[in-house]
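Below: one structure, written as structure tokens.
All chains are named by letter (A, B, ...) in the order of the sequence lines, taking the proteins before the strands, and each is independently numbered beginning at 1.
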Amino acid sequence: MEALAMSGRVGPTGEDVKDPDGIKKHQNHQQNSGDVLQQIMTVAAENLEDTQARKHALSCHRMKGALFDVLCEIKEKTAFSIESIKEEEEEEEEEDVPDSPNPHIIRLDNMLLAEGVVGPERGGASAPVVVMAAGALLEDGTLEQAQYRGKLAHIRQIYHAELEKYEQACKEFTNHVINLLKEQSRTRPVSPKEIERRVAIIHRKFSPIQIQLKQSTCEAIMMLRSQFLDARRQRRNFDKDTVDVLNEYFYAHLANPYPDDDDKEELARKCCMSVAQVTNWFVNKRVRYKKNVAKHLEEAKLYASVSSIGSEGSSPATPNSGGPDGEL
DNA sequence: GTCAATGATTACTG
DNA sequence: CAGTAATCATTGAC
């Protein structure tokens with residue numbers, strides 16, 4: 001209220017306030033400020049043109065500066081307590097905000113980081129097509145791995161594009177609100193602290209969108225993983241040339257169809273498959289041959305004639321038994 | 001849609 | 001740890 005006491009020496013109505021009578025001066029002040037407050041109260045009920053005219057009149061008023069200060073002070077005192085209560089309530093309601101990160105969000109962040117969706121890009125992740133093309137020729141990297149990386153890079157791209165959109169929208173809305181508040185600050189007291197509080201509220205309201213984006217991205221990664229890492233869903237029959245090479249070896253070593261590590265590697269190289277796949281193929285072949293020898297006889301004859309080495313026996317033996325009459 | 005064939009996985013064994 | 005047996009999940013011919 002000091003602001004009012006220290007305000008100009010000329011009254012709003014223009015009369016002389018140098019009156020030595022302090023009571024009269026005080027009454028004048030009261031009446032003047034009452035008038036201005038009354039004008040403010042009636043502004044809301046008026047149409048736009050009247051309001052603009054009234055606003056202009058108010059902003060030109062000699063008492064405006066002093067009254068504005070007074071209103072700021074009152075608002076600081078009253079609104080501050082209300083806001084602080086509100087904030088406490090909001091904090092209680094919204095525990096899922098980034099200000100108080102919960103384990104779920106931490107898990108999402110960790111997964112995004114582990115998969116390289118956030119954080120530093122991993123060698124060419126931004127160029128999935130190149131990765132996919134080159135990936136087929138990489139060390140142990142199969143075409144599937146290259147496709148996995150390519151799709152992961154695509155998810156990364158989408159995530160960052162959406163994140164950018166989100167940040168842009170949040171920023172635009174925040175700026176819009178700040179501008180509105182600044183605009184309003186010409187006719188009503190708006191403290192920087194209030195602007196700060198409003199911005200914080202906007203960010204809190206926007207954060208669930210960001211969490212949803214993270215959640216969706218993680219779900220996409222999980223789906224991709226299950227799609228690519230479960231080989232059974234990826235199963236492809238080996239092509240005929242591959243099966244020919246394997247069958248040739250199998251029937252050529254029918255007495256002991258247990259390729260050693262060197263042979264497995266050689267076959268894997270020849271057939272463009274992994275050693276594990278060669279091992280699987282022989283496991284399946286042995287058991288299925290044994291289950292139906294009769295059915296495989298024709299096949300045995302065919303590959304026996306193809307193979308220059310020739311069959312060592314008509315029945316597969318147990319590993320390293322060496323004998324042609326061994327059992328599987 | 002059905003079903004045999006087939007590649008991969010799991011539990012268990014020696 | 002390599003192998004077997006049983007089983008799963010998918011492919012591909014019909």
Side-chain angles (χ1 to χ4, degrees), chain A residues 111 114-115 128 131-155 218-328:
Chain A
M111 184 171 178
E115 291 294 334
V131 169
M132 284 174 78
L137 304 168
L138 290 175
E139 8 74 58
D140 192 33
T142 60
L143 183 64
E144 284 71 27
Q145 282 175 316
Q147 283 176 339
Y148 177 79
R149 285 204 299 274
K151 291 196 175 183
L152 196 61
H154 189 223
I155 289 174
C218 286
E219 280 168 12
I221 292 170
M222 295 293 276
M223 279 178 69
L224 188 66
R225 286 170 74 97
S226 67
Q227 188 186 340
F228 274 84
L229 300 185
D230 186 349
R232 281 185 293 199
R233 294 183 193 285
Q234 256 307 92
R235 193 177 72 78
R236 290 280 179 278
N237 289 350
F238 300 136
D239 59 36
K240 193 177 179 305
D241 291 346
T242 300
V243 176
D244 278 348
V245 171
L246 297 169
N247 269 322
E248 209 172 300
Y249 184 98
F250 181 83
Y251 287 109
H253 302 79
L254 196 56
N256 188 36
Y258 297 86
D260 59 23
D261 289 346
D262 288 342
D263 284 347
K264 281 181 190 172
E265 274 177 35
E266 173 71 9
L267 286 165
R269 196 184 52 76
K270 268 191 195 171
C271 301
C272 298
M273 57 181 12
S274 67
V275 172
Q277 283 177 306
V278 173
T279 304
N280 274 336
W281 189 90
F282 275 88
V283 166
N284 286 320
K285 187 70 187 178
R286 281 191 297 267
V287 73
R288 283 161 188 165
Y289 179 90
K290 198 189 85 174
K291 272 185 181 171
N292 197 346
V293 178
K295 201 201 85 180
H296 285 83
L297 272 178
E298 284 302 308
E299 198 179 61
K301 282 178 193 166
L302 179 68
Y303 284 103
S305 63
V306 168
S307 168
S308 57
I309 300 164
S311 168
E312 292 168 18
S314 59
S315 176
T318 47
N320 307 318
S321 69
D325 297 325
E327 290 173 9
L328 275 175

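- Every residue two or more places apart in sequence or in another chain that forms a side-chain contact (heavy atoms from CB on, under 4.5 Å) with A:D262 is listed here: A:D260.
- Put simply, CG on A:N280 is 18 Å from P on C:dT7, counting in whole angstrom units.
- The shortest distance between the side-chain N/O atoms of A:Y258 and the OP1/OP2 oxygens of C:dC1 is not below 4.0 Å.
- For the atom pair CG (A:L246) and CZ (A:F238), the distance works out to 7.5 Å, reported to the nearest 0.5 Å.
- The residue A:N284 sits close to a base: some heavy atom pair falls under 4.0 Å.
- At whole-Å resolution of the value, NZ in A:K264 and P in C:dA2 are 7 Å apart.
- Sorted by first and then second residue, the salt bridge (Lys or Arg N to Asp or Glu O under 4.0 Å) pairs with a member in residues 267-281 of chain A read A:E266-A:R269; sequence neighbours excluded.
- Partners of A:N237 according to the side chain to side chain donor-acceptor pair (under 3.5 Å) rule, which considers only residues two or more places apart in sequence or in another chain, are A:R235.
- Partners of A:E299 by side-chain contact (heavy atoms from CB on, under 4.5 Å), not counting sequence neighbours, listed by chain and number: A:N247, A:Y251, A:K285, A:H296, A:Y303.
- Atom CG of A:N292 is separated from atom P of B:dT6 by 12 Å (rounded to the nearest Å).
- Rounded to whole Å, the distance from CZ on A:F282 to C1' on C:dA5 is 19 Å.
- Rounded to 10 degrees, the angle separating the terminal axes of the helix from B:dG1-C:dC14 to B:dG14-C:dC1 is 10°, with each axis obtained from five end pairs.
- We find that CZ of A:F250 is positioned 14 Å from C1' of C:dG3, with the value rounded to whole Å.
- With sequence neighbours left out, A:N280 forms a side-chain contact (heavy atoms from CB on, under 4.5 Å) with no residue at all.
- Taking atom CH2 of A:W281 as the reference point, atom C1' of B:dA5 lies 13 Å away to the nearest angstrom.
- Listed pair A:R236 / C:dT11 meets the phosphate criterion, a side-chain N or O lying under 4.0 Å from OP1 or OP2.
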